[in-house]
Amino acid sequence: MLTLLLLIIPLLAGGLVLVTKNNSAKQIALLAALIELATACVAFVQFKANASTQFGFSYAWIPSAGITFSAGIDGINLLLVMLTAFLVPLIILSTFRQLYKNASVFYALILFMQGALIGVFTATDAFLFYFFFEAALIPVYFLAAIWGGENRVKVTFKFFIYTIFGSLFMLVALVYLYSQTPGTHTAQITAFYQLGLGSYTQGLIFWAFFIAFAIKMPLFPFHTWQPDTYTESPTPATMLLSGIMLKMGVYGLIRFILPIVPIGLQTWGNAAIVLSVIGIIYGSIIAVQQRDMKRLVAYSSFAHVGLMAAGVFSKNINGLQGALIQMLAHGINVVGLFFVIEIIFSRTKTRNIEQLGGITQRAPYLTVYFMILMLGSVALPLTNGFVGEFLLLSGVYDYNKWLGAVAGITIILGAVYMLRMFQRAMFGSKSSFTEHISDLSFSEKMVLFPLAFMVFWIGLYPNSFLALTQPAVLNLLNSIHY
Amino acid sequence: MSFLVLIPLLPLLGFLINGIGFRRIPKNLVGIIGSAGPVAAFALSVYAFISFQAQGSAPIHVHLFDWITVGTLNIPFAFQIDQLSLLMLLIITGVGSLIHIYSVGYMHHDEGFGKFFAFLNLFLFFMLLLVMGSNFVIMFIGWEGVGLCSYLLIGFWNKNTNYNNAARKAFIMNRIGDLGYLLGIFLIIQQFGAVEYAVVFEKAATMAVDSPAIVAITMLLFVGAMGKSAQIPLYTWLPDAMAGPTPVSALIHAATMVTAGIYMVIRSNVFYSLAPDTLDLIAIVGLATALLGASIGLFQNDIKKVLAYSTVSQLGYMFLGLGVMAYSPSFFHVMTHAFFKALLFLGAGSVIHAMSDEQDIRKMGGLRHKLPVTFATFVVATIAISGIPPFSGFFSKDDILANVYQHSKIMWGLGVLGSVMTSFYMFRLLFLTFFGTFRGTKQQEHHLHESPLSMTLPLVVLAVLSAVGGFLNVPEALFGSMKLSGFMAPLYELAAKANPVAFAHQHLSHTQEYVLMGVSVGAALLAALGAYVVFVVKKSVPAADGQETGLQKLVYNKYYVDEAYDAIFVKSMRTASDLAYSFGEFMIDLVVNGTGKVVKNAAAKLRLLQNGATSFYVFMMVLGITVIMLWNFWIK
């Protein structure tokens with residue numbers, strides 16, 4: 001029942017916020033998100049670290065067709081639910097110094113988004129998954145299209161077409177899989193694991209899923225919507241997209257491709273992992289020369305997600321556990337980085353690193369938090385990024401040592417572009433833009449402190465999360481039948 | 001032995017207090033807090049050393065908690081204390097304490113005083129983790145952590161863009177090495193299913209000499225050492241790192257961090273003893289680096305740059321020693337080098353302090369009268385590094401060269417050539433700085449003064465150590481008993497069992513040893529004499545910038561290696577980045593938009609409504625699905 005609660009709280013609260021006055025919308029939204037976080041913490045504490053699906057529910061939806069409204073939480077889901085529940089209140093709090101027009105709609109959309117994301121991460125019925133997968137697009141589409149930058153219309157349109165295009169492939173695949181289930185048919189995801197499809201069919205379904213999830217993350221070469229969308233969207237939407245929504249894609253790889261089409265993966269896995277690794281290097285190299293901080297972090301995120309995908313495709317425990325812990329770490333780091341950029345932008349009206357400089361002289365707190373998030377992002381040991389990248393790279397290395405070595409170049413290039421951005425913005429002499437920049441406000445510290453805290457928690461004691469996901473991951477690996 | 005945990009924790013505590021309380025804690029207190037941690041850690045290290053000797057020679061294992069557990073792989077957060085880590089502990093906390101005390105005086109006028117001590121403490125924490133860890137991943141925490149601190153301290157004066165660039169260069173070049181190290185760890189995990197030294201080495205000892213896996217592991221780990229210990233081709237960051245405050249150069253870029261690579265090889269001696277090919281490579285790289293560094297040092301005019309290239313060169317000697325399996329002699333040199341090179345840097349700092357931040361030795365001269373303590377200690381260090389007996393450098397360098405001689409006489413000859421250059425550039429530095437007449441401005445001359453006690457005291461202590469440190473390992477030929485080598489011997493027992501042939505080399509006769517010593521000492525003395533003639537008798541001063549000619553110009557500009565790296569790697573990466581961003585992204589988009597147009601054209605023919613916004617259709621479709629599903633749910 002906990003799952004149902006987690007699903008309903010943000011949706012109900014979203015409805016409530018929609019009908020409240022604009023000036024109290026953000027407080028109510030924050031309160032709702034905190035209640036959601038508390039509920040998720042209850043789930044985190046009560047969760048038993050085994051492979052079973054817990055706190056579940058199931059209602060008949062279209063009983064004649066075997067489609068149910070059912071959801072539940074296993075270790076893998078729990079991690080993503082925690083990530084969502086942890087980030088959304090911070091994202092809401094990060095907007096407290098901004099004034100958005102039609103605030104009640106703005107905050108309602110964030111909450112609806114959260115509800116849909118929780119739905120994606122907990123659904124145990126394939127069609128319910130698909131429903132939330134699509135539904136999550138609507139709020140973020142409006143957030144970007146209404147409150148975004150100058151080119152928002154063109155950019156969000158491209159984003160929308162891209163993702164819808166991908167999802168259609170997935171829909172076809174799901175309908176086919178559903179039709180293959182025995183008897184009166186069922187849409188339970190776990191039922192799809194037992195179908196034993198032929199290798200040709202598996203190949204087709206593999207690509208259908210791959211395209212859908214590759215666009216969502218995005219993977220090379222399906223990524224050209226991403227830098228523009230991340231840059232043009234209002235920062236809260238960018239945070240939702242990069243912090244949480246892209247994890248839908250990685251989650252999809254783990255939940256669908258690995259167990260449903262293992263033979264397809266065996267046939268096409270090399271191609272998929274090579275594309276992922278190309279994306280890592282390609283994205284990192286592009287990030288090296290970017291001047292717009294938001295676009296730079298967008299490309300860095302593109303590179304990071306490539307490594308997560310490569311880890312999943314390497315099909316071993318290190319790669320999968322690495323992908324899971326890296327989803328958590330990346331969500332925290334990227335949301336923090338986008339927030340730091342927003343803080344700088346809101347004060348200086350520029351995100352161009354050529355125009356910045358010397359910020360550390362006026363804003364030591366901002367410098368320290370930025371530094372911590374940057375170190376997490378470049379995977380320094382004892383920060384969250386290290387655990388993920390270490391496991392991911394060792395997973396890919398186990399799959400193929402040369403791919404592992406090439407993917408490993410990310411730790412060099414990551415340092416190149418992140419240190420360049422940090423140095424240009426924070427060090428050197430002050431510019432006319434940064435001359436009067438002020439340090440962090442209280443509410444900004446309240447956002448950054450929990451993020452920094454998590455950077456070190458995951459870095460220092462990752463076993464508190466790895467132990468939760470391990471049984472589910474082992475179970476998943478065991479359920480792969482060739 | 002659970003008090004061992006305190007050794008790294010005390011400096012960490014210092015970092016947290018000074019870091020969080022920065023600008024709120026009064027300066028005097030900052031210095032005391034900052035120095036107290038290292039001093040206490042040193043006391044504990046001495047205590048640990050004594051207790052260890054009392055209980056035998058077996059390593060002590062302290063398990064704290066399981067850090068990363070995935071599948072069957074467990075990476076514990078644990079410490080291993082044995083002969084090697086104890087010696088490193090003593091060097092790090094001992095020299096570290098002295099440098100902290102020195103910094104109280106040296107950095108006193110700096111506005112970032114608290115920040116400086118915080119970073120220095122953090123460095124000690126990571127350096128201690130590096131040598132105390134009981135597995136390769138804990139070593140890697142320290143390995144990257146000291147790199148971070150190095151970055152923060154090189155760019156300590158972060159208003160200066162050149163300093164920031166030097167800091168970034170150091171971090172990135174180290175990261176290149178770190179990738180090698182990381183891949184080495186992955187291969188270790190793949191081969192042995194573990195990362196703990198005890199487990200891994202036990203299994204490795206059963207493998208054959210020259211097994212491909214062992215060779216690959218040793219090569220990959222050595223790439224890491226090239227970065228951290230500034231060996232060819234990854235050495236160019238170290239001279240630039242001199243942008244940091246001088247105590248940083250002494251502690252991080254001379255005495256401790258840069259010796260991490262040597263520590264790692266000795267720690268992994270079971271691997272390396274099984275991989276003769278890798279050892280040969282290490283010896284060649286080490287020798288080449290020793291000669292390259294020394295030759296560049298001959299013509300540098302910045303007091304810190306001379307010392308930096310000297311460090312590169314001396315590190316090369318240590319690797320040369322490792323390459324011929326002279327593990328203990330190499331470590332002996334790590335130790336004596338920590339004494340005399342820290343002393344040289346601190347002495348240079350004292351000079352720079354007195355010269356109002358002037359670093360060009362062409363503008364110095366005659367300082368021995370105004371800076372007597374600095375001068376006296378600098379002389380000791382110069383004699384020590386030049387390998388003139390009975391000071392420490394003689395014993396350690398001689399120990400390495402004697403082993404090299406048994407391996408290859410040509411290498412020995414080149415090694416002696418290197419020490420001739422060493423002696424020459426060091427005495428050149430000494431004479432140009434402290435002898436002759438003052439060549440700076442009147443203002444600087446007026447300001448000349450000896451440094452305060454907090455700075456001269458560490459100089460004196462280090463001078464004593466540089467003078468007598470060599471007696472720790474006196475060879476039998478000179479009626480000694482090789483105490484240090486004896487103490488370290490248990491470290492190689494497993495390797496000797498795994499590859500007995502490699503350890504069964506013959507000892508030189510005493511006569512041979514006397515000849516070798518005579519040749520190298522004589523050569524060093526001649527070089528010193530040469531420097532005396534040129535710079536004291538003839539009073540020549542190096543040419544002004546841009547006036548150098550021919551070979552001198554080539555060497556003065558460091559063989560243009562930086563320029564070559566810039567042209568080959570940096571520029572091509574930038575070009576690739578611009579190309580990928582403008583052309584690559586454009587091409588991909590072209591395909592995407594093309595696909596989009598096809599879809600759009602098809603859609604146009606099916607158009608039912610007049611409004612034509614595709615997003616509207618798509619949105620309606622999703623909405624429709626939603627409504628149908630909800631309707632089904634609530635009605636049924």
Side-chain angles (χ1 to χ4, degrees), chain A residues 59-63 69 127 131 134-135 137-138 141 157 160-162 164-165 221 223-224 282 285-290 317-318 321 358 360-361 364 375 380-382 387 390-391 393-394 397-398 401 404-405 408-409 411-412 415-416 419-420 423 426-429 461-463 466-467 470 474, chain B residues 22-23 65-71 73 137 140-145 148 151 155 158-161 164-165 167-168 171-172 175-176 178-179 182-183 185-187 189-190 573-574 576-578 580-581 584-585 588-589 591-592 595-596 599 614-615 618-619 621-623 625-626 629 632-633 636:
Chain A
Y59 301 107
W61 189 0
I62 312 177
F69 190 87
F127 287 111
F131 167 71
E134 291 300 286
L137 194 56
I138 299 168
Y141 171 77
F157 175 67
F160 203 81
I161 294 298
Y162 240 118
I164 285 289
F165 175 79
H223 65 276
T224 52
Y282 182 80
I285 284 184
I286 289 184
V288 166
Q289 286 284 76
Q290 293 305 307
I317 180 94
N318 284 12
Q321 285 283 63
T360 180
Q361 294 161 39
L375 295 177
L380 195 89
L382 299 188
V387 184
F390 179 80
L391 291 172
L393 288 172
S394 95
Y397 185 89
D398 266 355
K401 60 183 177 207
I409 295 173
I411 73 159
I412 301 168
V416 172
L419 291 184
R420 171 175 167 271
Q423 178 186 329
M426 308 310 280
F427 294 156
S429 45
Y461 198 62
N463 271 355
L466 291 170
Q470 172 129 315
L474 285 174
Chain B
F22 178 44
R23 290 203 178 127
F65 59 93
D66 287 336
W67 182 36
I68 299 178
T69 312
V70 169
L73 174 70
V137 189
F140 191 69
I141 299 177
W143 194 269
E144 287 240 296
L148 168 70
Y151 165 78
N158 62 44
K159 284 180 201 167
N160 184 322
T161 300
N164 293 329
N165 289 342
R168 197 153 50 103
F171 193 87
I172 289 163
R175 267 272 158 127
I176 296 173
D178 291 355
L179 175 58
L182 206 53
L183 294 174
I185 296 180
F186 296 154
L187 188 50
I189 293 174
Q190 207 177 53
M573 186 168 71
R574 289 197 183 136
S577 177
D578 289 337
Y581 184 55
E585 295 289 85
I588 295 169
D589 244 9
V591 177
V592 170
T595 318
V599 174
T614 318
S615 61
V618 179
F619 177 63
M621 183 190 84
V622 175
L623 208 64
I625 297 172
T626 315
M629 287 194 159
N632 265 308
F633 181 60
K636 299 284 167 82

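In what follows, chains carry the letters A, B, and so on, assigned in the order in which the sequence lines appear, proteins first and then strands, with residues in each chain numbered from 1.
For the atom pair CG of A/L419 and OH of B/Y151, the computed distance is 4.5 Å after rounding to the nearest 0.5 Å. Rounding to the nearest 0.5 Å places OH of A/Y461 at 12.0 Å from CD1 of B/I68. Rounding to the nearest 0.5 angstrom, the gap separating the CG atom in B/L179 from the CD1 atom in A/I412 is 4.5 Å. The CG atom of B/N164 sits 12.0 Å away from the CE atom of A/M426 when rounded to the nearest 0.5 Å. The CG atom of A/D398 sits 4.5 Å away from atom CD of B/Q190, with the distance rounded to the nearest 0.5 Å.
Of all the heavy atoms in A/F390 and B/L182, the pair that sits closest is CD1-CD1, 3.8 Å. Residues A/Q470 and B/G71 approach most closely at OE1-N, 3.0 Å, considering heavy atoms. Minimum interatomic distance between A/V416 and B/M573 (heavy atoms only, all atoms of both residues): CG1-CE, 3.8 Å. In plain terms, the two heavy atoms of A/I411 and B/D178 that are nearest each other are CD1-C, 4.4 Å.
Without hydrogens or angle criteria, B/N158 side chain to A/F427 main chain gives no donor-acceptor distance under 3.5 Å.
Contact of B/F140 with chain A is made through backbone and side chain together, with heavy-atom distances under 4.5 Å. Both the backbone and the side chain of A/Q289 have a heavy atom closer than 4.5 Å to some heavy atom of chain B. Heavy atoms closer than 4.5 Å to chain A are found in the side chain of B/I185, but not in its backbone. Looking at A/L393, the atoms closer than 4.5 Å to chain B (heavy atoms on both sides) sit in the backbone and in the side chain alike. With a 4.5 Å cut-off on non-hydrogen atoms, B/I141 touches chain A through its backbone and its side chain both. Only the side chain of A/Y162 comes within contact range of chain B, with heavy atoms under 4.5 Å apart. When heavy atoms are compared at a cutoff of 4.5 Å, A/L375 approaches chain B solely by way of its side chain, counted from C-beta outward. For B/I176, the parts lying under 4.5 angstrom from a heavy atom of chain A are both the backbone and the side chain. Looking at A/L466, only its side chain comes within 4.5 Å of chain B, counting heavy atoms on both sides. At a 4.5 Å heavy-atom cutoff, B/V591 makes no contact with chain A through either its backbone or its side chain. Contacts between B/I189 and chain A at a heavy-atom distance below 4.5 Å involve the side chain alone, from C-beta outward.
Looking only at heavy-atom pairs under 4.5 Å with chain A, the residue among B/T161, B/L187, B/L148, B/N160 that has the most is B/L187. Ranked by heavy-atom pairs under 4.5 Å with chain B, the first of A/G404, A/S394, A/A467, A/A405 is A/S394.
Exactly one of A/I285, A/I286, A/V288 qualifies for a side-chain contact (heavy atoms from CB on, under 4.5 Å) with B/Y581. That residue is A/I286.
Every residue two or more places apart in sequence or in another chain that forms a side chain to side chain contact (heavy atoms under 4.5 Å, CB included) with B/K159 is listed here: A/Q361, B/E111. A/Y282 is linked by a ring pair (Phe, Tyr, Trp, His ring centres under 6.0 Å) to A/F220, A/H223, counting only residues two or more places apart in sequence or in another chain.
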